[in-house]
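Below you'll find the structure, written out as structure tokens, and then a few comments.
What's counted below: heavy atoms across the whole structure, side chains too, no hydrogens, waters or symmetry copies.
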Amino acid sequence: MKKIAVFTSGGDSPGMNACIRAVVRAACHYNIEVVGIRRGYKGMINDDFVPMNAKSVSYILHKGGTILGSARSDEFRTAAGRKKAYTNLKKHGIEGIVAIGGDGTFTGAHVFMQEYPDIAIVGTPGTIDNDLFGTDFTIGYDTAINTAMEAIDKIKDTADSHDRLFFVEVMGRDVGFIATRAGIAAGAKAILIPESKTNIDELVNLLLDNAAKKKMSNIVVVAEGDDEGGAMDIAKKVKAKTNIFDIRVTILGHMQRGGSPSCMDRVLASRVGVAAVTALKEGKKGIMLGQTHRSISETPFEKAIKHNQKMSAELEVLAKILAY
């Protein structure tokens, strides 16, 4: 392996820059030439390649987002678009690629390698959702849950001061990992996630029971993909059934994607970044490098994208016990 490329794709997550840095410096360590591809698959099609070296990734370890940028690419979903990408990769002499992203990124890589098997691609899990099979945690998840927890802590202060009921919406269109851990850590009264069906009547009864104990301030954490809707929808449904609460809604939104990555995310990103380059050097391809039980693990793309990480039933029970 003489020359490789690295790119970030899909939703940005804190720690992507740390992973880019690890890939570039590992490549330099192994005397492998490395280039960055700007804007993911879109940049691959548009020939947006930039040479990288150890100096070009200095002072990015602590930065959120991604210095290579990210973009969706409908064109890459077509055979013609993938052919353009392949032509550009061959023109630049690229033999291997490290793809930093999530489910959609690895799906694209898997399809691409089936058509062009001479380009080796390995992946690292960059997504705040923590929904990829084959790794205990994904790059950005730890930072995102700490960002959400800190925000909820601040909201709880004002909720207690005014005896208010706050519905706090966090990211999680398909999974409730952020909502569950941040909600437990911040002492939420209820946590609503896509994995479990929400019963509005049960929620109202829970809140009324709390009110009977003279506790009018409550925090309900809502994953955006909950089956009853987002925080705004659920707040309206609760208000329609009882008017004793002073209700407020806060949507944390994209602030969960930003910010300086946590120590855990920086170390995870560094480990899997180096492991990805090592895997390419050893002739491996079509795998995601993750971390399972504190050790680096390898999961085939087709397995990582077909089997989502499952929510721990223990955490769901824990949240209900602690909300008593």
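- Panel note: side chain Ser297, backbone Gly134; a donor-acceptor pair is recorded below 3.5 Å.
- Here the straight-line distance linking atom CD1 of Ile128 with atom OH of Tyr141 works out to 10.5 Å at 0.5 Å rounding.
- The residues Lys156 and Asp160 are annotated as not salt-bridged, no charged nitrogen and carboxylate oxygen being separated by less than 4.0 angstrom.
- A 6.0 Å sphere centred on NZ of Lys84 holds no more than 12 heavy atoms belonging to other residues, nucleotides or ligands.
- To the nearest 0.5 Å, atoms CG (Asp142) and CG (Leu268) are separated by 9.0 Å.
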Would Ile32 and Leu280 count as a side-chain contact (heavy atoms from CB on, under 4.5 Å) here? Give the steps.
CA-CA 10 Å; Ile32 299 173; Leu280 286 174; over 6 Å; no

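- Linking Ile, Leu, Val, Met, Phe, Trp and Tyr residues whenever their side-chain heavy atoms come within less than 4.5 Å places Ile184 and Met171 in a single cluster.
- Remark: the backbone N or O of Ile287 is not paired with any side-chain donor or acceptor of Glu298 at under 3.5 angstrom.
- In terms of modelled atom types and a separation under 3.5 Å, the side chain of Thr138 and the main chain of Pro125 share no donor-acceptor contact.
- For the pair Phe133/Lys303, a side-chain contact is recorded, criterion being any heavy-atom separation below 4.5 Å from C-beta on.
- Formation of a donor-acceptor pair under 3.5 Å by the Glu224 side chain with backbone atoms of Gly172 is found in this model.
- Taking the six-membered ring where the residue is Trp, Phe106 and Phe301 present parallel rings, their angle staying beneath 30° rather than reaching 60°.
- The number of heavy atoms from other shown groups lying within 6.0 Å of CZ (Arg72) does not exceed 12.
- Residues Glu316 and Ile193 meet the side-chain proximity criterion, which asks for heavy atoms closer than 4.5 Å.
- Between Arg77 and Asp74 a salt bridge is recorded (basic side-chain N to carboxylate O distance below 4.0 Å).
- The shortest distance between side-chain heavy atoms of Pro300 and His110 does not fall below 4.5 Å.
- Using a 4.5 Å heavy-atom cutoff, the side chains of Ser13 and Thr127 are not in contact.
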Go through the steps to decide whether Asp265 and Phe137 satisfy the test side-chain contact (heavy atoms from CB on, under 4.5 Å), and finish with yes or no.
CA-CA 9 Å; Asp265 274 329; Phe137 300 104; over 6 Å; no

Decide salt bridge (Lys or Arg N to Asp or Glu O under 4.0 Å) for Lys90 and Asp118; before the verdict, give the C-alpha distance in whole Å, the side-chain angles of both, and the deciding distance to 0.1 Å.
CA-CA 10 Å; Lys90 295 301 287 185; Asp118 55 317; 3.2 Å; yes

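- Closest approach of Thr147 and Gly258 over heavy atoms only: OG1-O, 4.4 Å.
- Counting all heavy atoms, side chain and backbone alike, Leu132 lies closest to Gly101 at CD1-O, 4.0 Å.
- Using a distance-only test at 3.5 Å, with no hydrogens or angles considered, a donor-acceptor pair links the side chain of Thr78 to the main chain of Glu75.
- Cluster annotation: Met1 and Val6 are assigned to the same hydrophobic cluster (Ile/Leu/Val/Met/Phe/Trp/Tyr, side-chain heavy-atom contacts under 4.5 Å, transitive).
- Looking only at distances, no side-chain donor or acceptor of Lys189 sits under 3.5 Å from a matching main-chain atom of Leu165.
- Contact check for Arg248 versus Thr158: no side-chain heavy atoms found under the 4.5 Å cut-off.
- Residue Ile155 holds its CD1 atom at 12.0 Å from CZ of Arg164, rounded to the nearest 0.5 Å.
- Put simply, the side chain of Asn88 gets close to the backbone of Ile45: a donor and an acceptor are under 3.5 Å apart.
- Separating the CE atom in Met264 from the CD1 atom in Ile145 is a distance of 7.5 Å, to the nearest 0.5 Å.
- The two residues Asp226 and Val222 have their closest heavy-atom pair at CB-CG1, 4.1 Å.
- Under the 3.5 Å distance criterion, the side-chain polar atoms of Glu282 are left unmatched by any main-chain donor or acceptor of Ala279.
- Side chain of Asp227 to main chain of Thr198: a donor-acceptor pair is present (N/O by atom type, distance under 3.5 Å, no hydrogens or angles).
- The same ILVMFWY cluster, assembled from side-chain heavy atoms under 4.5 Å apart, contains both Phe76 and Met113.
- When atom types are taken as modelled, the side chain of Thr124 and the backbone of Leu289 share no donor-acceptor pair closer than 3.5 angstrom.
- A donor atom on one side chain and an acceptor atom on the other are not found under 3.5 Å apart for Ser73 and Arg82.
- Taken together through direct or relayed side-chain contacts under 4.5 Å among Ile, Leu, Val, Met, Phe, Trp and Tyr, Leu206 and Ile244 form parts of separate hydrophobic clusters.
- At least one side-chain heavy atom of Asp47 sits less than 4.5 Å from a side-chain heavy atom of His92.
- Screening Val57, Asp12, Thr66 against Asn17 for a side-chain contact (heavy atoms from CB on, under 4.5 Å) leaves a single residue, Thr66.
- Ring geometry for Tyr116 versus Phe112: interplanar angle of 30 to 60°, hence tilted.
- By the neighbour-count criterion of 12 heavy atoms within 6.0 Å, atom CD of Glu314 is sparsely surrounded, having that number or fewer from other residues, nucleotides or ligands.
- Nearest heavy atoms, Ala148 versus Val170: CB-CG1, 4.3 Å.
- A 4.5 Å side-chain heavy-atom check between Ile178 and Gln256 finds at least one atom pair inside the cut-off.
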Show, in sequence, the C-alpha distance, side-chain angles and deciding distance for Leu89 and Met44, and conclude whether the side-chain contact (heavy atoms from CB on, under 4.5 Å) test is met.
CA-CA 7 Å; Leu89 291 169; Met44 198 181 292; 3.8 Å; yes

Verify side-chain contact (heavy atoms from CB on, under 4.5 Å) between Leu68 and Ile100, making sure each step is shown before the conclusion.
CA-CA 11 Å; Leu68 291 176; Ile100 306 170; over 6 Å; no

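- Few gaps surround CG on Asp157; more than 12 heavy atoms of other groups in view lie less than 6.0 Å from it.
- Contact between Ile191 and Ala179 at its shortest, heavy atoms only, is CG2-O, 3.6 Å.
- By the criterion of side-chain heavy atoms lying less than 4.5 angstrom apart, applied directly or through intervening Ile, Leu, Val, Met, Phe, Trp or Tyr residues, Ile67 is not grouped with Leu61; the two fall into different hydrophobic clusters.
- Across every non-hydrogen atom of Thr143 and Ser260, the tightest pair is CG2-O, 3.6 Å.
- Here the side chains of Val35 and Lys3 are in contact, with some heavy-atom distance below 4.5 Å.
- Atom CZ of residue Phe166 and atom CG of residue Asn218 lie 11.5 Å apart, to the nearest 0.5 angstrom.
- Evaluated for a side chain to side chain donor-acceptor pair (under 3.5 Å) with Asp48, the options Lys42, Arg38, Arg39 yield exactly one hit, Arg38.
- One finds the CG atom of Asp103 at 10.0 Å from the CG atom of Asp129 (value rounded to the nearest 0.5 Å).
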